[in-house]
Colleague: 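This is the structure I have questions about; it appears just below.
Along the sequence shown, residues are numbered consecutively beginning with 1.
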Amino acid sequence: MNAGCKWSIRPTRRCLTLLSLLFISPVMANWTPELAAPADSGFRQPAEAIRLFIPPDVPVETLQRLTLELDDIDVTAMVGREGDYAIFVPVQPLGFGQHRLRLLENSADGSIIERGFWRLEIRKSAAFREATLNMATSAELSQRLAENNLSDLPPQRTQGTGSAIIQGRAADNDWQAGVNLPLFYNSNSEGREVDVGEFLMDWQQNALSAKVGHHPISPDNLVMSGFNRRGVSASYSAQAFDTRVTGFSMRGSQLAGFQGGLGVTDNTDQVNGGVVTAYPINRTDASMAVSAIYLSGEAPDTGQGVAGSSLATGGDAWSIMADNLWLEKRLRLRGEYARTDYDFDGSGGYESEKDDAYSLLLTYKPWMDKQVNDQYLDWNLGTEYRQVGTYFKSVASPGSTADRKTARLFSDLTWGGFNLQGQLSQETDNVVDLPTLPRLRTRLATLSTTYTPMPDYTPEGELVTGWMGYPSYSLFGNLQSAKTTARSSADPNTWVDTQTRILGASANFSHDNWSWGINHTWTRLYDDSGEGGTPTTNESRSRSTGLDFFFTLTPNYTLTPHVAWDETAYLDLGYTDKSLLWGVGLDARLIPDQLTGRLEYSLNRAWVTNDSSDNTTDQVSASLTWNAVKSSPTRPGVSLTLSGDYHEYSDAIVTGNDKDSYQLFLRALIGWAGTY
């Protein structure tokens, strides 16, 4: 079979292709191609060749004007021939499901004649349109051969661990289903030796779908944020305004292992609710998404009575949000309002507290697809305002912070290899101005930039590095202040007035066989709290510098030295903490693909200028790995690793703290991965 045969669709640029020479015949006005039946009975496989029978008496002039399209993409250049058949072999396997194949003739008068149109169904088998099963398993047996001067070691010298990840998907007609099941094994586990991780099973048929296991319910909002829990949910999608309705029942706290089942059996640790999302406007140049969420439930929380006690608290919460894109989707407007009714003491004697929160976001892109000096320029400007009430709390947003009022301006500009990001923000607490609480105002200004010059290439396509190699630079600055703007009537002597300044820079340079990088960070903390009350911190100045190298000594040996210097001067206290860390690592492929080794040494010297502390830590680690059996789809891989580390601690102030220790391990790892 010959590839590269092409039918031109432009009569003024016709090319005589190899395929056209095969079918020389008298002029034929009407003819019909035929799609050959699939090789397997009734269905086609992803990589199977597509065969079209062309009548042998179709004239040369007609063949020169033919175009073959697959899913509206011209694939004429990839057509070959085999006898009386035009053959198209996909460059990449086609996806499961329906595909469109079309044969067009561009007639001499400029009209387009559709000579043939077919719908191809790509299937895994006669029973399933799509069916895949992926498995990745590993098991490790570890034996502690020797140790010295170490405490808190597990009593078992032999330990076995393992994992298996099973992923599967099946689909046919109007349904599809999938499963993701991670399993873990630990011989020294105090509970079950075999347990399950964050699993998920999903099912969909037409407009209905369902999920069981760990999964998020909706994008983050004021009442549900970072909430990925175990539970069940069901959704219905309607064509009207692309509406989607979801109901859910999730565990309020995190679940690990088989404990808790599907996450729907504990009424004191459960979150139930529903989400509705619709798109009243959904065009290529503009869109509007409107969503509403309601939830109710309880989850263990830290009670107000005994510190650290587990107490089931919770309540109701709802939110409504509108997210708009206008002006060819360059302008974004997002607004959200939410309200909660939360019982902070659970079954205590206090009533629940009601409060609300809202947020407004505006972003604008002046241009879309704009180029300056042949480099794309992307600029985004934005502003956001958010206020969260003092008693605002949702059981499905455990990490959010209440009693905050925040306003910020931000910008992000990218041009070629240059990127610039900046932000100005102000945040205050005690939004309702309670006299028993202070009010703290925090201001933040950040600016960061990175620059990676666009690479140059020789006419042969090789990278031109120059004496500096291939560089990349970054610079950042951070200015943050915190100040008490209203004292607390309960503690009027508490006053905060601090400022933190941070400047940092880094540069990295890559060469053909080596690379290096340097970074430096300067931090200054000012504390004027003592002028208004009691100082909250000690003024300090910190400097940190690091230098890293990577050398390719030979194709099988690499060397990685590094050094870092840190010091923090406590200006009020009159002393400085200093630290010097340096080390080197050597990676070796002693027998490529069979025997590898690593040797690493590091030294950490830390001391204080007032002679209160002075210690040195030496660390040596080494490993040797033999890949005894290389893994393949039909057999697992086996590797053996002998590893050890030595640790020495020397105290120049209190010599009785000196200590050296070591441990030695032998590990066997068996791994296998397969796809069906």
Colleague: So, do Ser218 and Ile293 sit near enough that their side-chain heavy atoms are less than 4.5 Å apart?
Modeller: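 Sidechains of Ile293 and Ser218: in contact.
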Colleague: For the residue pair Trp514 and His511, categorise the inter-ring angle as parallel (less than 30°), tilted (30 to 60°) or perpendicular (more than 60°).
Modeller: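 Judged by the thresholds at 30° and 60°, the geometry between Trp514 and His511 is parallel.
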Colleague: Using every non-hydrogen atom in the two residues, find where Phe248 and Gly274 come nearest and quote the distance to one decimal.
Modeller: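 Closest pair (atom of Phe248, atom of Gly274, distance): CE2-N, 3.4 Å.
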Colleague: Do Leu624 and Leu640 have side chains that get closer than 4.5 Å, going by heavy atoms?
Modeller: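 A side-chain contact under 4.5 Å is absent here.
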Colleague: So, Phe241 versus Tyr279, ring centres under 6.0 angstrom or not?
Modeller: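 Ring centres of Tyr279 and Phe241 not closer than 6.0 Å.
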Colleague: What verdict does the salt bridge (Lys or Arg N to Asp or Glu O under 4.0 Å) test give for Arg100 and Glu69, after you've listed the backbone C-alpha separation in whole Å, the side-chain angles of each residue and the deciding distance to 0.1 Å?
Modeller: CA-CA 8 Å; Arg100 301 181 305 277; Glu69 292 183 353; over 6 Å; no
Colleague: For Asn186 and Thr161, what are the C-alpha separation, side-chain angles and deciding distance, and is it a side-chain hydrogen bond (donor to acceptor under 3.5 Å, both in side chains)?
Modeller: CA-CA 4 Å; Asn186 189 335; Thr161 59; over 6 Å; no
Colleague: Is any side-chain heavy atom of Asn180 closer than 4.5 Å to a side-chain heavy atom of Glu198?
Modeller: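 Contact flag for Asn180/Glu198 side chains = no.
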Colleague: Which atom pair, heavy atoms only, marks the closest approach of Thr284 to Lys329?
Modeller: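 The answer is O-CE, 3.6 Å.
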Colleague: Between Asp172 and Arg123 (salt bridge meaning N to carboxylate O under 4.0 Å), is one present in this structure?
Modeller: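 Salt bridge flag = yes for Arg123 with Asp172.
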Colleague: Any heavy-atom pair between the side chains of Asp323 and Met321 that's under 4.5 Å?
Modeller: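 A side-chain contact exists here, since the closest heavy-atom pair is under 4.5 Å.
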Colleague: Answer yes or no: is there a side-chain heavy-atom contact under 4.5 Å between Gln167 and Ile165?
Modeller: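 The answer is yes; the side chains approach within 4.5 Å.
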Colleague: Is the shortest distance from a Lys or Arg side-chain nitrogen in Glu121 or Arg44 to a carboxylate oxygen in the other one below 4.0 Å?
Modeller: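 Answer for the salt bridge query: no.
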Colleague: Test your reading of the model: is there a side-chain donor-acceptor pair from Ser138 to the backbone of Gly671, 3.5 Å cut-off?
Modeller: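 No.
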Colleague: Distance-only, no hydrogens or angles: does the Asp74 side chain make a donor-acceptor pair with backbone N or O of Thr76 under 3.5 Å?
Modeller: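 Yes: the side chain of Asp74 pairs with the backbone of Thr76.
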Colleague: Using side-chain contact (heavy atoms from CB on, under 4.5 Å), reason through Leu68 and Met78 one step at a time and then give a plain yes or no.
Modeller: CA-CA 9 Å; Leu68 184 66; Met78 292 174 282; over 6 Å; no
Colleague: Closer than 4.0 angstrom, basic N to acidic O: yes or no for Asp593 and Lys630?
Modeller: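 A salt bridge is absent here (no side-chain N lies under 4.0 Å from a carboxylate O).
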Colleague: Could you state the interatomic distance from CD (Gln205) to CG (Asn173), rounded to the nearest 0.5 Å?
Modeller: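 Nearest 0.5 Å value for the CD-CG distance: 9.0 Å.
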Colleague: Please report the C-alpha distance between Leu553 and Asn513 in whole Å, then the side-chain angles of each, then the deciding distance to 0.1 Å, and finally whether the side-chain contact (heavy atoms from CB on, under 4.5 Å) criterion is met.
Modeller: CA-CA 8 Å; Leu553 304 178; Asn513 296 315; over 6 Å; no
Colleague: Which heavy atom of Pro471 sits nearest a heavy atom of Thr452, and at what distance?
Modeller: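 Between these two residues, the closest heavy atoms are O-CG2, 3.8 Å.
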Colleague: Determine whether more than 12 heavy atoms belonging to other residues, nucleotides or ligands lie under 6.0 Å from atom CZ of Phe128.
Modeller: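 No, the 6.0 Å shell around CZ holds no more than 12 heavy atoms from other groups.
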Colleague: Using side-chain heavy atoms (C-beta onward) and a distance below 4.5 Å, is Val275 in contact with Val245?
Modeller: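 With C-beta onward as the side chain, the pair stays apart.
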Colleague: Can you measure from CG (Leu642) to OG1 (Thr625) and round to the nearest 0.5 angstrom?
Modeller: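 The distance works out to 9.0 Å.
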Colleague: Test your reading of the model: is there a side-chain donor-acceptor pair from Arg115 to the backbone of Trp31, 3.5 Å cut-off?
Modeller: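 Judged by distance alone, yes, a pair lies under 3.5 Å.
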Colleague: Kindly give the heavy-atom pair with the smallest separation between Pro38 and Glu48, and that separation in Å.
Modeller: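 In terms of heavy atoms, the two residues are closest at CA-OE2, 3.3 Å.
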Colleague: With the threshold set at 4.0 Å, does a side-chain nitrogen-carboxylate oxygen contact exist between Lys211 and Asp202?
Modeller: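 Answer for the salt bridge query: no.
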Colleague: How are the rings of Trp379 and Trp367 set to each other: parallel, tilted or perpendicular (split at 30° and 60°)?
Modeller: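 Tilted, since the angle between the ring planes falls between 30° and 60°.
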Colleague: With no hydrogens and no angle check, is any side-chain donor or acceptor of Arg65 less than 3.5 Å from a backbone partner on Glu61?
Modeller: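 Side chain of Arg65 to backbone of Glu61: a pair is present.
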Colleague: Is the shortest distance from a Lys or Arg side-chain nitrogen in Glu130 or Lys124 to a carboxylate oxygen in the other one below 4.0 Å?
Modeller: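 Here Glu130 does not pair with Lys124 in a salt bridge, since their nearest N and O are not under 4.0 Å apart.
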Colleague: Main chain of Gly261, side chain of Arg230: is a donor-acceptor contact present, judged purely on distance under 3.5 Å?
Modeller: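 A pair under 3.5 Å: yes.
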Colleague: Within 45 degrees of the ring normal and closer than 6.0 Å to the centroid, is that where the cationic atom of Arg129 sits relative to Phe96?
Modeller: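 Geometry flag: not set, cation outside 6.0 Å or 45°.
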Colleague: Leu101 and Leu35: side-chain contact (heavy atoms from CB on, under 4.5 Å), yes or no, with the steps?
Modeller: CA-CA 10 Å; Leu101 184 69; Leu35 177 66; 4.2 Å; yes
Colleague: Hey, mind stepping through Tyr364 and Arg330 against side-chain hydrogen bond (donor to acceptor under 3.5 Å, both in side chains) and telling me if it holds?
Modeller: CA-CA 6 Å; Tyr364 178 67; Arg330 292 184 292 118; 3.1 Å; yes
Colleague: How far apart are the C-alpha atoms of Asn556 and Leu590, what are their side-chain angles, what is the distance that settles it, and do they pass the side-chain contact (heavy atoms from CB on, under 4.5 Å) test?
Modeller: CA-CA 7 Å; Asn556 295 323; Leu590 304 173; over 6 Å; no
Colleague: State the CG-CG distance between Leu120 and Asp71, to the nearest 0.5 angstrom.
Modeller: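 So the CG of Leu120 and the CG of Asp71 are separated by 8.5 Å.
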Colleague: Evaluate the side-chain proximity of His214 to Leu200: yes if any heavy-atom separation is below 4.5 Å, no if none is.
Modeller: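 No. Closest side-chain heavy atoms not under 4.5 Å.
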Colleague: Between Ser209 and Arg244, what is the shortest heavy-atom contact and its length?
Modeller: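 For Ser209 and Arg244, the tightest heavy-atom pair comes out as OG-NH2, 3.4 Å.
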Colleague: Return the minimal non-hydrogen interatomic distance between Val89 and Ala47, and the atom names on each side.
Modeller: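 So the minimum-distance heavy-atom pair works out to CG1-O, 4.5 Å.
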Colleague: Any side-chain heavy-atom pair from Pro33 and Phe53 closer than 4.5 angstrom?
Modeller: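 No, every pair of side-chain atoms sits at 4.5 Å or beyond.
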Colleague: Starting at CD1 of Ile122, measure out to CD of Gln98 and round the result to the nearest 0.5 Å.
Modeller: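 Taking CD1 in Ile122 and CD in Gln98, the distance rounds to 9.0 Å.
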Colleague: CD of Gln204 to CG of Asp174: how many Å apart, nearest 0.5 Å?
Modeller: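 Reported to 0.5 Å precision, the distance equals 9.5 Å.
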Colleague: Rounded at 0.5 Å granularity, tell me how far CZ in Arg81 sits from CG in Leu52.
Modeller: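 The CZ atom of Arg81 sits 16.0 Å away from the CG atom of Leu52.
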